[in-house]
Protein chains: 2
Amino acid sequence: MRDDKAGELELRSFKGRPKLSEEIAGQLRQLIQGGELMPGTQLPTENAMIEQFGVSRTVVREAVAALSADGLVNARQGRGVFVANDLTQQPFRLGDSRLSERDHIVQIMELRLSLEVEAAGLAAQRRTSEDLREIEDAFERMVEAQRSGQEGAEQDFAFHLRIAEATQNTYIAKFIRYLGPFIIPRPARRTVTGGEREVYLEGLTQEHANIRDAIADQDEAAAIEAMRIHLSRGLALNRSLVQS
Amino acid sequence: MRDDKAGELELRSFKGRPKLSEEIAGQLRQLIQGGELMPGTQLPTENAMIEQFGVSRTVVREAVAALSADGLVNARQGRGVFVANDLTQQPFRLGDSRLSERDHIVQIMELRLSLEVEAAGLAAQRRTSEDLREIEDAFERMVEAQRSGQEGAEQDFAFHLRIAEATQNTYIAKFIRYLGPFIIPRPARRTVTGGEREVYLEGLTQEHANIRDAIADQDEAAAIEAMRIHLSRGLALNRSLVQS
DNA sequence: TCTTCTCAGTCATCATACAACAGTTGATAT
DNA sequence: ATATCAACTGTTGTATGATGACTGAGAAGA
């Protein structure tokens, strides 16, 4: 498999050049996930792959390094490279999907809602007084930011994240934190103006306050309900907005 | 007599010698995630890092390749290596945490519960007749497996996954699928025997049937409730079991 | 039988060289 | 004076040879 003149008119997205090492890594990834290389089996040795793919050791090694970083294989000095027998380590990523921008946002929001509704309930059960204090602080900072005319999206997210941390469940908090960047930097801004903005913000603040109070009261059902109402409204808003 | 029992325990929790490239990759990762290298900024050139870390170019390049595979940086030939402007691409992984085995299981289960409860509601709203048919099939396969004495954990998960897919939300389904390996291969088996097992399985089947029926009736509230009951019981079971 | 040694195979690292690409500079032609 | 282009510098990408470190198994020795 010599180089097959891949340079002609490949799909030249803005990204452009498909590095050889990425090419090889992709092929190996396909072999593994396609089941042709079962967990525990040994990959061809470096020299074998050098011949098989017709590339240099540099390329092969960088490809293996990439797979190894994903936990898909692990290399053992003096023995060889083996497919991980515990594929549970391969990471989870959102976004390499062929959804429209609208579906993308809506689905992320639904995912977020599912998690946060229950998280609010857990937080209400388990929040420490320290948690409560920080949640209230985050609430104040959010209100302050919005009052001073800022977007407040970051403070909004910080409020939600603090609630997730109050669940005492590190995985839930970690996942919410992971979801953050997918939610915050939405450039599609709803440019509400003047009085309309006031009304909108007031409703938003009330929803947030309801959540905060339910958690303060350690009222699980109320916290779940308040969070569901809050996120459902945001979801409906997004659904209609991006529709146009 | 060469029974191919290469089932080695891959318990290499502490790899005696962390590879140099992984070491460097870790340091760079810390610099980036710690905010010392802002998105868009250029990393030191390869030669600079060679000096700075006192390693060879091979090591530096493999470290960068690993980060690049995670989407943390992207290298451009002739220009340099840059911190990704959209850190939203860095993957999510569970497990590299220092939780006890018990907390690990319980927290994963809680994460799963949060998602699946809401997913059941969405599935009830949106399931197609095709979805329903497959959910019912999965249910039958699960019952059949358990009746024939098998564990049935895989069929159980397949049932839940099929419900997640009925939400029509690819991200939710994808995440449930990701969670699968963390749930299924629990070796900590509760060796219930004889009649006790019968009773346990009967209750389990009834819970599953309730979920299935609620989804069939497109009754959102009932589906949520049934799923919550089902997973809460499983969670409580896990909590007490691993306690000992 | 048991221990020790040797050896071939493999990945890990180092070093060097060249190719491909991007940006800058400066000479040249008009 | 301006435009064009060639050369130069610095960067990542790829190729290659050499050496070290580690593993497993068989050979050699007691």
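In what follows, chains are A, B, ... by sequence order, proteins preceding strands, each numbered from 1. Keep in mind it's a predicted model, so treat the numbers as computed, not measured.
Both A:Arg61 and A:Thr58 sit near DNA chain C, but only A:Arg61 has its closest nucleotide nearer the 5' end. Between A:Val59 and A:Gly78, the one whose closest nucleotide on DNA chain D sits nearer the 5' end is A:Val59.
In this model, the phosphate group of C:dC14 is approached by a side-chain N or O of B:Ser56 to a distance below 4.0 Å at OP1 or OP2. Not one side-chain nitrogen or oxygen of A:Arg79 sits closer than 4.0 Å to the OP1 or OP2 atom of C:dC11. Taking 4.0 angstrom as the limit, B:Arg57 places none of its side-chain polar atoms (N or O) nearer than this to OP1 or OP2 of C:dC14.
Taking the side chain as every heavy atom from C-beta outward, A:Tyr178 and A:Leu94 approach each other to under 4.5 Å. The shortest side-chain heavy-atom distance between B:Val59 and B:Ile50 does not fall under the 4.5 Å cut-off.
In this structure, A:Val64 reaches neither bases nor backbone, as no heavy-atom distance under 4.0 Å exists between it and the strands shown. Across all strands shown, A:Thr45 has heavy atoms under 4.0 Å from sugar-phosphate atoms exclusively, and none from any base.
Rounded to whole Å, atom P of C:dA12 lies 11 Å from atom CZ of A:Arg76. Atom CD in A:Glu46 sits roughly 14 Å away from atom C1' in D:dA15 (whole-Å rounding). Rounded to whole angstrom, the span from the CD atom of B:Glu22 across to the C1' atom of C:dA12 amounts to 11 Å. As a whole-Å value, the separation of A:Met49 CE from D:dA15 C1' is 17 Å. To the nearest angstrom, P of C:dC14 lies 13 Å from NZ of B:Lys19. Going from atom CD of A:Glu62 over to atom P of C:dC11 covers 16 Å, rounded to whole Å. Taking atom CD of residue A:Gln42 and atom P of nucleotide C:dC11, one finds them 7 Å apart after rounding to whole Å. Whole-Å rounding puts the A:Phe53 CZ to D:dA15 P distance at 13 Å.
One finds no salt bridge joining A:Glu144 and A:Arg141 here, because no Lys/Arg side-chain nitrogen approaches an Asp/Glu carboxylate oxygen to under 4.0 Å. Using a 4.0 Å cut-off between charged side-chain N and carboxylate O, B:Arg29 and B:Asp70 make a salt bridge.
The base of C:dA12 has none of its N or O atoms less than 3.5 Å from a complementary donor or acceptor on the side chain of A:Gln77.
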Evaluation steps, side chain to side chain contact (heavy atoms under 4.5 Å, CB included), between B:Gln27 and B:Phe53:
CA-CA 10 Å; B:Gln27 291 192 35; B:Phe53 295 114; 3.3 Å; yes
